[in-house]
Protein chains: 2
Amino acid sequence: MNPPSLAATTTAAALAARLRQEIDQGRWQAGELLRQEQLASEFGVSRIPVREALAQLQSEGLLRIEHYRGARVSWPTPAEIDEIFDLRLLVESDLVARALPRHDERSCRELARLQDQLEDAQDRLGWIGGDIAFHEALYRPAERSRSLALYRQLRAPIDRFSVQQLGPEARKQGWAEEHRQLIAAATSGDAPAVLATLAAHLDATRMVVLAACADLGDR
Amino acid sequence: MNPPSLAATTTAAALAARLRQEIDQGRWQAGELLRQEQLASEFGVSRIPVREALAQLQSEGLLRIEHYRGARVSWPTPAEIDEIFDLRLLVESDLVARALPRHDERSCRELARLQDQLEDAQDRLGWIGGDIAFHEALYRPAERSRSLALYRQLRAPIDRFSVQQLGPEARKQGWAEEHRQLIAAATSGDAPAVLATLAAHLDATRMVVLAACADLGDR
DNA sequence: CATCGTATAATTGTATCCAATTATACGATC
DNA sequence: GATCGTATAATTGGATACAATTATACGATG
């Protein structure tokens with residue numbers, strides 16, 4: 001008989017979500033310190049849920065916490081980014097290959113709808129969210145929850161580079177084209193095509209992220 | 001000038017390590033509740049570091065925390081376990097393939113030494129620790145830190161089943177045999193052999209874990 | 001002037017206490 | 001007797017307060 005309780009989650013989780021967004025949007029640069037007290041007063045909570053949120057973001061690879069020193073936004077090296085994309089290719093190829101035979105007309109329409117929605121997105125955050133939604137819909141028919149979680153986890157620490165680099169309209173066009181090809185290949189059930197397109201798509205994204213990361217220097 | 005500070009870590013981290021061990025040893029069954037107050041008084045600390053340790057173990061997939069309900073030992077389904085082993089095969093095949101050309105006489109001696117040590121291990125915990133050390137040494141020359149972390153993360157939630165099932169001396173023998181074959185293949189640089197052996201080794205382990213998990217029933 | 005050591009401030013880690021929520025026990029009602 | 005509603009207890013989530021550690025400022029010393 002309760003009202004559906006909008007905030008059915010803990011404040012630490014809400015904070016983590018908020019901070020995740022802000023990191024993606026570039027509020028803090030790589031290597032920058034996040035102060036517990038500052039965040040606590042900013043959001044009007046105590047440091048306890050702040051600490052739990054920071055710990056959560058560390059486990060997602062967005063932060064690195066040092067004992068008594070504080071939480072810094074992670075600063076992946078180009079080698080790490082390369083490795084992440086290699087892993088994404090492994091995992092996402094497996095996912096799409098398993099999903100392919102289970103895609104039907106309905107799921108392919110859903111893909112097209114998500115792509116339309118993506119191209120209508122206004123801000124960078126809506127953009128990356130749309131891309132995530134598209135890929136998840138592409139992989140979901142595989143019914144591999146664990147792999148899907150792994151896919152999310154691999155994206156999380158590098159998505160902010162895509163978001164921040166997302167100026168050039170050209171890249172956006174190419175991205176849309178690759179997504180359209182993925183939909184076509186999924187619709188026709190052409191496994192080699194979908195795998196090749198996915199690989200090309202990931203490689204293109206890799207270049208964007210590496211470029212964004214190169215500007216940082218190491219620390 | 002400080003003494004090397006044995007506990008250079010936080011108490012939450014120490015607690016997490018301890019609880020990880022205890023979960024592997026089967027102190028709590030799958031689905032069982034871990035009470036914060038009980039753990040706090042048992043280890044002589046407050047509930048704050050206990051909560052942080054529990055959150056950490058949740059991010060590792062060992063626990064599942066429900067809002068205001070408590071932390072339960074995770075109870076993976078056979079399907080999830082199957083999926084984890086599929087992912088392990090993907091990641092570990094990639095790792096061993098990259099490591100293989102970089103193994104030399106020294107690293108292979110190290111593998112043999114670790115295997116000797118493993119076979120001398122007394123208790124179940126030493127056993128699983130030895131197996132982890134062996135595999136990490138097998139993959140380390142690849143210099144893929146992110147993949148190695150992923151490998152650890154995939155093992156973490158299922159190792160307890162191997163540990164608890166680890167009665168039969170027979171299985172232990174077969175395991176040792178497979179490890180010896182891996183060393184031989186690594187020494188001779190025989191990529192197809194090492195990949196085939198790894199796949200067989202993982203499949204054998206999968207069966208053990210699935211058997212241990214089957215006794216649980218779902219919850 | 002550079003470097004080291006010390007005192008102070010700033011920050012994180014933990015303990016204690018209170019609030020919010022859930023689980024349990026008990027009685028009323030059909 | 002079973003089921004529902006309510007009161008109580010048990011448990012978790014969060015706020016405040018304190019301890020431990022690290023960073024900074026400042027002066028002494030060469």
Side-chain angles (χ1 to χ4, degrees), chain A residues 1-20 22-23 27-29 31-60 62-75 219, chain B residues 1-20 22-23 27-29 31-60 62-75 219:
Chain A
M1 190 59 78
N2 336 3
S5 177
L6 295 176
T9 173
T10 177
T11 61
L15 269 175
R18 172 73 179 268
L19 293 176
R20 216 176 287 129
E22 296 193 339
I23 290 173
R27 169 170 175 186
W28 295 280
Q29 296 304 311
E32 198 172 345
L33 271 171
L34 276 68
R35 294 299 187 187
Q36 298 178 2
E37 183 61 45
Q38 171 194 328
L39 296 173
S41 65
E42 173 176 343
F43 295 109
V45 297
S46 86
R47 278 171 44 228
I48 299 288
V50 171
R51 286 173 56 92
E52 295 187 358
L54 295 178
Q56 172 66 28
L57 295 180
Q58 176 181 46
S59 83
E60 298 174 13
L62 274 71
L63 301 177
R64 182 164 306 201
I65 300 178
E66 279 176 296
H67 194 44
Y68 275 113
R69 285 220 162 82
R72 293 176 184 280
V73 177
S74 63
W75 54 101
R219 212 161 304 233
Chain B
M1 190 57 84
N2 336 5
S5 175
L6 295 176
T9 174
T10 176
T11 61
L15 268 175
R18 173 71 179 270
L19 292 176
R20 215 176 288 131
E22 295 193 340
I23 290 173
R27 169 170 174 185
W28 295 279
Q29 295 305 310
E32 198 172 346
L33 272 170
L34 277 68
R35 294 298 187 187
Q36 298 177 3
E37 184 59 45
Q38 173 193 329
L39 296 173
S41 64
E42 173 175 343
F43 295 110
V45 298
S46 86
R47 277 172 44 227
I48 298 290
V50 171
R51 288 179 48 147
E52 295 189 358
L54 294 178
Q56 171 67 25
L57 295 180
Q58 176 181 47
S59 81
E60 297 174 15
L62 275 70
L63 302 177
R64 183 164 304 201
I65 301 179
E66 278 176 298
H67 195 45
Y68 277 113
R69 285 221 163 81
R72 291 178 185 279
V73 177
S74 62
W75 54 101
R219 211 162 303 235

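Every chain is numbered from 1 and lettered A, B, ... according to where its sequence line falls, protein lines coming before strand lines. The basis for the numbers below is simple: all heavy atoms, side chains too, and nothing from hydrogens, waters or symmetry mates.
An OP1 or OP2 oxygen of D:dA10 is reached within less than 4.0 angstrom by no side-chain nitrogen or oxygen of B:Q36. The side chain of B:T10 contributes an N or O atom lying less than 4.0 Å from OP1 or OP2 of C:dT14.
Between the P atom of D:dA15 and the CD atom of A:E52 lies a distance of 10 Å, rounded to the nearest Å. Here D:dT11 presents its C1' atom at 13 Å from NE2 of B:H67, a figure rounded to the nearest Å. Rounded to a whole Å, the CD atom of A:E37 is 12 Å from the P atom of C:dA10. The distance from atom CZ of B:R51 to atom P of C:dG13 is 16 Å, rounded to the nearest whole Å. Atom P of nucleotide C:dA23 and atom CD of B:E66 are separated by 9 Å, given to the nearest angstrom. The CD1 atom of A:I65 sits 16 Å away from the P atom of D:dT22 (whole-angstrom rounding). In this structure, B:R72 places its CZ atom 14 Å from P of C:dT22, rounding to the nearest Å. When the C1' atom of C:dT12 is taken as reference, atom CD of A:Q38 falls 15 Å away, rounded to whole Å.
Place A:R69 and A:S46 on DNA chain D by their nearest nucleotides, and A:S46 ends up nearer the 5' end. Of the residues near DNA chain C, B:P49 and A:A71, the one whose nearest nucleotide (by heavy atom distance) lies more toward the 5' end is A:A71. Of the two residues contacting DNA chain D, namely A:V45 and B:L33, the nearest-nucleotide position lying further toward the 5' end is that of B:L33.
Taking only side-chain atoms of B:I48, from C-beta outward, the nucleotide of D:dT12, C:dT14, C:dG13 with the closest atom is C:dT14. Nearest nucleotide to the side chain of A:Y68, out of C:dA15, D:dA15, D:dT21: D:dT21. Side chain of B:R47, nearest nucleotide from C:dC17, D:dT21, D:dA17: C:dC17. Among the nucleotides D:dG13, C:dT14, C:dT11, the one closest to any side-chain atom of B:T11 is C:dT14. Ranking C:dT14, D:dA20, D:dG13 by closeness to the B:A12 side chain, first place goes to C:dT14.
Residue B:Q56 forms a side-chain hydrogen bond (donor to acceptor under 3.5 Å, both in side chains) with just one option from B:E52, B:E60, B:Q58, and that option is B:E60. For the pairing with A:L57, the side-chain contact (heavy atoms from CB on, under 4.5 Å) check across A:L19, A:V73, A:I65, A:L34 returns one residue only, A:L19.
Contacts of A:L15 with the nucleic acid, taken as non-hydrogen atoms under 4.0 Å apart, are absent.
Rounding to the nearest 0.5 angstrom, the gap separating the CG atom in A:L15 from the OG1 atom in A:T10 is 8.5 Å. A:R51 CZ to A:Q36 CD: the interatomic distance, rounded to the nearest 0.5 Å, is 5.0 Å. The structure places CZ of A:R35 at 13.0 Å from OG of A:S41, a figure rounded to the nearest 0.5 Å.
The backbone N or O of A:S59 lies less than 3.5 Å from no partner atom in the side chain of B:S59, so there is not a single donor-acceptor pair.
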Protein-nucleotides 5-7 of chain D N/O pairs closer than 3.5 Å?
none

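The cationic atom of A:R64 (NZ for Lys, CZ for Arg) lies less than 6.0 Å from the six-membered ring centre of A:W75 and within 45° of the ring axis.
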message: One pair to check against salt bridge (Lys or Arg N to Asp or Glu O under 4.0 Å): B:E42 and B:R47. What are the steps and the verdict?
response: CA-CA 11 Å; B:E42 173 175 343; B:R47 277 172 44 227; over 6 Å; no
